Amino acid sequence: MEDREISDILIRWYEENKRDLPWRRTSDPYLIWISEIILQQTRVVQGLEYFNRFTERFPNVAALAMADEDEVMKYWQGLGYYSRARNLHAAARQIMNDFDGVFPRTREEVLSLRGIGDYTVAAICSFAYRLPYATVDGNVFRVLARLFDIDLSIDGGEGKKYFTALAQSLLDERRPDLFNQAMMEFGALQCVPKSPDCECCPLNGKCLGLAARRVERLPVKSGKTVVKPRYFNYLYIHGQGMTLLSKRMENDIWRNLYEFPLIETECAVTWGELSGMAVFQELFDGIEKVEITREYVAKKHVLSHRVIYPVFYEIRVDSFSESMGKYLKVPDNRVGEYAVSRLIQSYLEVRDGLLF
DNA sequence: AATACGGGGAT
DNA sequence: ATCCCAGTATT
């Protein structure tokens with residue numbers, strides 16, 4: 001049968017070309033889970049070190065469930081999509097509470113865990129338990145769209161359903177783990193988004209997209225994200241050896257990460273405009289000595305759907321006002337212990353570079 | 001069905 | 001600049 005042939009070719013290619021990665025050396029569902037969450041929308045090279053450090057500190061479900069969320073976030077610092085870390089922590093506690101600390105073994109139960117969706121449940125169940133569920137990630141969309149010359153958009157629900165059924169029909173149920181790994185690795189290394197080397201592709205004789213000269217046009221995606229600007233005015237307030245920090249609690253970017261007290265404005269503002277604002281006046285109400293040590297206009301911070309224009313004002317005070325009580329007051333030398341965004345991390349590095 | 005959610009590497 | 005990466009949750 002043709003379908004089996006494709007599977008065999010992919011698996012043969014995989015055995016010869018696969019990368020040696022730590023999560024491929026285990027069948028521990030916990031370790032596979034951690035790797036899958038880290039690798040969501042994240043390149044292998046970027047996630048590798050995070051995986052090693054994370055699993056060394058949290059080697060099993062119990063260790064993760066017992067930790068404070070703040071510490072989990074610290075281990076996630078810089079990786080992005082921080083809901084993954086929050087969900088990971090929540091799911092570990094879910095496993096302790098609902099499954100007696102044993103990682104669940106059925107598709108339905110695994111899917112009930114926070115942060116695990118259609119892709120990740122298939123990955124965990126096939127890699128750890130060899131259950132016959134096809135993984136459908138960005139790589140699989142691309143490989144299948146090209147192989148079968150399908151221009152159905154991969155954004156919508158129809159496309160997702162179609163490609164999932166197609167992947168499932170191709171899956172070798174005797175070795176779903178190998179098939180899924182092979183399909184994704186093939187997409188990551190051979191059937192790459194730009195300028196794939198179709199000349200040396202083991203499937204070039206079967207690739208309908210190649211025959212139709214549409215490989216570069218596939219897969220089809222519809223919408224592109226609109227990037228909206230935001231203006232962040234950070235106040236690095238310190239005195240008496242203490243620094244003010246704030247925890248982002250809103251349903252917004254960087255939730256549960258720390259930062260300096262922030263005044264967000266509708267547009268770029270000068271120091272004069274900022275210091276004239278009511279929120280600013282109230283914050284420094286009653287402080288005798290307020291000294292602006294430095295103004296730092298950081299380069300714009302680009303996220304997938306936001307671009308942030310940050311300005312940092314270093315402000316030295318001789319005392320802290322009443323209204324600053326809503327912030328954390330931490331010793332200067334312990335600021336580094338708090339999980340922060342890349343933006344804050346970058347500023348901290350600049351500040352340290354200017355200290356001497 | 002759209003949108004929000006990070007950060008970095010490749011082209 | 002643009003694309004996109006072993007996606008999920010919310011609206």
Side-chain angles (χ1 to χ4, degrees), chain A residues 14 18-19 21-24 32-51 73 76-88 90-91 111-124 126-127 133-143 153-161 163-164 167 177 179-189 191-196 216-228 230 248 250-257 300-308 339-346:
Chain A
Y14 176 69
K18 67 179 176 183
R19 292 167 288 186
L21 301 170
W23 46 86
R24 287 181 176 160
I32 290 169
W33 172 43
I34 301 301
S35 75
E36 290 304 334
I37 300 298
I38 287 178
L39 267 31
Q40 286 172 6
Q41 298 292 284
T42 304
R43 316 238 171 203
V44 166
V45 284
Q46 191 188 358
L48 197 47
E49 284 315 302
Y50 281 89
F51 175 83
M73 298 304 285
W76 209 266
Q77 175 174 307
L79 236 201
Y81 283 164
Y82 298 93
S83 65
R84 292 183 292 176
R86 298 193 306 268
N87 289 151
L88 217 39
L111 195 52
S112 76
L113 298 173
R114 298 286 298 169
I116 294 185
D118 291 335
Y119 163 76
T120 305
V121 72
I124 293 173
S126 65
F127 300 157
Y133 299 111
T135 52
V136 183
D137 70 338
N139 293 306
V140 179
F141 277 125
R142 186 171 56 254
V143 172
S153 173
I154 63 174
D155 294 306
E158 188 190 357
K160 192 185 176 194
K161 198 178 287 185
F163 282 101
T164 300
D177 50 338
F179 173 84
N180 283 336
Q181 293 279 16
M183 178 72 89
M184 293 191 288
E185 189 79 333
F186 183 78
L189 300 181
C191 196
V192 293
K194 301 293 179 188
S195 310
E216 290 285 1
R217 292 289 166 198
L218 296 170
V220 172
K221 267 191 181 177
S222 48
K224 47 181 176 182
T225 47
V226 180
V227 179
K228 293 176 183 172
R230 295 178 72 172
R248 292 182 67 87
E250 317 78 41
N251 199 23
D252 193 4
I253 57 173
W254 302 325
R255 180 144 73 103
N256 290 14
L257 265 54
K300 68 178 182 179
H301 193 78
V302 180
L303 306 178
S304 52
H305 57 299
R306 293 274 187 254
V307 52
I308 295 166
V340 299
S341 66
R342 271 291 202 243
L343 174 57
I344 299 296
Q345 208 180 324
S346 303

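Just so it is clear, the model here is predicted, and its values are computed rather than measured.
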Counting only heavy atoms not in Glu158(A), do more than 12 fall under 6.0 Å of its CD? no
Does Val226(A) or Ser195(A) map to a spot on DNA chain B nearer the 5' end, using the closest nucleotide for each? Val226(A)
Any heavy-atom pair between the side chains of Arg19(A) and Arg24(A) that's under 4.5 Å? yes
dC5(B) phosphate, OP1 or OP2, under 4.0 Å from Trp76(A) side-chain N/O: no
Heavy-atom protein contacts under 4.0 Å, nucleotides 5-11 of chain C, coded B base, S sugar-phosphate only, - none: BBBSSS-
Electrostatic pair Lys160(A):Asp118(A) at N-O distance under 4.0 angstrom: yes
Here the distance between atom P of dG7(B) and atom CZ of Arg342(A), to the nearest Å, is 7 Å
With heavy atoms under 4.0 Å as the rule, sort Asp155(A) into base, sugar-phosphate or nothing. nothing
With a 4.5 Å heavy-atom cut-off, do Leu111(A) and Thr120(A) have their side chains touching? no
How do Gly80(A) and Gly157(A) order along DNA chain B: which one's closest nucleotide is nearer the 5' end? Gly157(A)
Atom CZ of Arg230(A) to atom P of dC5(B): distance rounded to whole Å? 7 Å
Integer angstrom distance from the P of dT8(C) to that of dG8(B): 22 Å
Would you say Gln46(A) and Ile38(A) make side-chain contact, with heavy atoms under 4.5 Å? no
Would you say His305(A) reaches dC5(B)'s phosphate, i.e. side-chain N/O to OP1/OP2 under 4.0 Å? yes
Between Trp76(A) and Tyr50(A), is the ring-ring contact (aromatic ring centres under 6.0 Å, His included) condition met? List the steps. CA-CA 7 Å; Trp76(A) 209 266; Tyr50(A) 281 89; 7.2 Å; no
Using a cut-off of 4.0 Å on non-hydrogen atoms, how would the nucleic acid contact of Arg255(A) be classed: base, sugar-phosphate, or nothing? nothing
Rounded to whole Å, please give me the gap between CG in Leu48(A) and P in dG9(B). 13 Å
Check this one for me: any side-chain N or O of His301(A) less than 4.0 Å away from OP1 or OP2 of dG7(B)? yes
Spacing between Lys228(A) atom NZ and dC5(B) atom P, to the nearest angstrom: 10 Å
Leu257(A) CG to dC5(B) C1', straight-line distance once rounded to whole Å: 12 Å
Take atom CZ of Arg217(A) as the centre, draw a 6.0 Å sphere, and report whether it contains more than 12 heavy atoms from other residues, nucleotides or ligands. no
Considering only atom P, compute the distance from dA4(B) to dA6(C) and round it to an integer number of Å. 24 Å
